[in-house]
Protein chains: 2
Amino acid sequence: MIEADEAIRLGLLSQAIGYQLRRAQLAVFEDFARRFAALDLSPAQFSALVAIRENPARRQSEIAAALGVQGPNFVALMDGLERRGLAERLRSGADRRANALQLTPAGATLLKRAEATQATQEAAIRDLIGETEHRRLVETLERLSQL
Amino acid sequence: MIEADEAIRLGLLSQAIGYQLRRAQLAVFEDFARRFAALDLSPAQFSALVAIRENPARRQSEIAAALGVQGPNFVALMDGLERRGLAERLRSGADRRANALQLTPAGATLLKRAEATQATQEAAIRDLIGETEHRRLVETLERLSQL
DNA sequence: TATTGTTATACTCTATAACTATA
DNA sequence: TATAGTTATAGAGTATAACAATA
């Protein structure tokens, strides 16, 4: 079979935000995985490290909710970060049911490297779509999240 | 505890395309699920129905690849559509290993209803971000998929 | 030999119910 | 009685290896 196959047509899918959003997110996450392979960090772990550093001593449930992660799933995520010595749970003094989260020095160091890696992805995206469109895209995606 | 808690800060995540893309995709897919609950169609099933109708008698593997679905996973998807009588696999005459996919009349009818539902989501998105930005967003997401 | 579709399987993500320890 | 975190578990979604039928 040496037929030159015609391209598959996607019809209205090509104009559908939901479909294009899924494809783009897949591509960006695959690119993320390639760049973060050496650091061995998933997107969820990276975002958790950032949120913990930006919000020192806040309750675990608050961080999880802000990231859109269910409580029980965030427990497993924190277990992994703690096992690797990147973050820790301190029993809160004010409310002894609660965990106050913080980065370890090792976690803070790794996060700095991770942010440098993330910046290279952001730069690659800026190269692809342009500075202006990058800013506009962030704004538009934030508004879409309110749907 | 009646303290007015400060908002969690996301730091650089708020400007990160990968993060915002994930949050937006989640929101749009949840909205999709609400709208499509009555039709009992997942985004993957909807996109498969569209692709099958737009590309009659094409091989299963071509459709799957175009949608970014692995072969074995598309088998399960087609099993579901076939069990519900929405699409069928015909053994291809030219190559008897291959399946030529097509919608059943019931599948074509359901797809029309599904497209009307999808159009309401697209309209809701246009209301949220505007007509111009909608067009621009589709273009930008397509380019991001090439990353 | 190579390819199409399939089976079996495993791994990740995500979601929910029920438990514990504190409040 | 209610809340924070946890455990156990189940369901999607996605990935790979190996196989049967056909080329």
Side-chain angles (χ1 to χ4, degrees), chain A residues 1-3 5 18-19 21-23 25-27 29-30 32-34 36-37 40-48 52 57-83 87-101, chain B residues 1-3 5 8 18 22-23 25-27 29-30 32-33 36-37 40-48 52 57-83 87-101:
Chain A
M1 268 276 173
I2 321 185
E3 253 172 62
D5 287 314
Y19 180 77
L21 216 41
R22 170 177 167 260
R23 299 306 300 257
Q25 202 240 294
L26 225 71
F29 268 46
E30 272 163 25
F32 183 101
R34 281 190 293 274
F36 276 74
D40 192 28
L41 283 180
S42 68
Q45 289 174 319
F46 174 67
S47 63
I52 291 169
R58 293 296 287 269
R59 277 191 283 111
Q60 185 169 315
S61 54
E62 292 180 293
I63 306 279
L67 295 173
V69 178
Q70 299 289 329
N73 300 327
F74 197 77
V75 169
L77 208 168
M78 276 304 300
D79 286 347
L81 296 179
E82 214 165 28
R83 227 179 301 116
E88 46 193 5
R89 300 178 243 219
L90 305 175
R91 220 69 210 188
S92 168
D95 181 343
R96 281 172 34 250
R97 292 170 302 182
N99 289 336
L101 304 185
Chain B
M1 270 271 172
I2 322 182
E3 254 172 62
D5 289 312
I8 296 288
R22 171 179 165 259
R23 300 304 302 257
Q25 202 238 296
L26 225 73
F29 268 46
E30 271 164 24
F32 183 101
F36 275 75
D40 191 28
L41 283 180
S42 69
Q45 289 173 319
F46 174 66
S47 62
I52 292 168
R58 292 296 286 269
R59 275 192 283 110
Q60 185 169 314
S61 54
E62 293 180 292
I63 305 280
L67 294 174
V69 179
Q70 300 289 328
N73 299 328
F74 197 77
V75 169
L77 208 168
M78 276 304 301
D79 286 348
L81 295 180
E82 215 165 27
R83 226 179 302 115
E88 46 194 5
R89 300 179 247 221
L90 305 175
R91 220 67 209 189
S92 167
D95 181 344
R96 280 172 34 246
R97 293 170 303 184
N99 289 336
L101 304 185

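So that the names make sense, note that chain A is the first sequence line, chain B the second, and so on, each numbered from 1.
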Under 4.0 Å from a heavy atom of chain A: give me the 5'-most and 3'-most nucleotides of DNA chain C that qualify. C/dT14 to C/dA23
Among the nucleotides D/dA2, D/dT22, D/dG5, which one has an atom lying closest to any side-chain atom of A/R91? D/dG5
For atom CZ of A/R96 and atom P of D/dA4, their distance in whole Å: 16 Å
Taking only residues two or more places apart in sequence, or in another chain, which ones meet B/E88 in a side-chain hydrogen bond (donor to acceptor under 3.5 Å, both in side chains)? B/Q102
Residue list, side-chain hydrogen bond (donor to acceptor under 3.5 Å, both in side chains) with A/R91, at least two apart or on another chain: A/N99
To the closest 0.5 Å, what do you measure between CG (A/L90) and CG (A/L101)? 8.5 Å
Could you list the residues that satisfy side chain to side chain contact (heavy atoms under 4.5 Å, CB included) with B/A44, not counting sequence neighbours? B/S42, B/L77
Which residues pass the side-chain hydrogen bond (donor to acceptor under 3.5 Å, both in side chains) test with B/R97, not counting sequence neighbours? B/D95
Please, which pairs that meet salt bridge (Lys or Arg N to Asp or Glu O under 4.0 Å) have at least one residue in residues 66-80 of chain B, sequence neighbours excluded? B/D79-B/R89
Across all chains, not counting sequence neighbours, the side-chain hydrogen bond (donor to acceptor under 3.5 Å, both in side chains) partners of A/R34 are none
Just jot down the ring pair (Phe, Tyr, Trp, His ring centres under 6.0 Å) partners of B/F36, sequence neighbours excluded, or say none. B/F32, B/F46
To the nearest Å, how far apart are A/I63 CD1 and D/dG5 P? 10 Å
Under a 4.0 Å heavy-atom criterion, the protein footprint on nucleotides 7-20 of chain D, written with B, S and -, is BB-----BBBB---
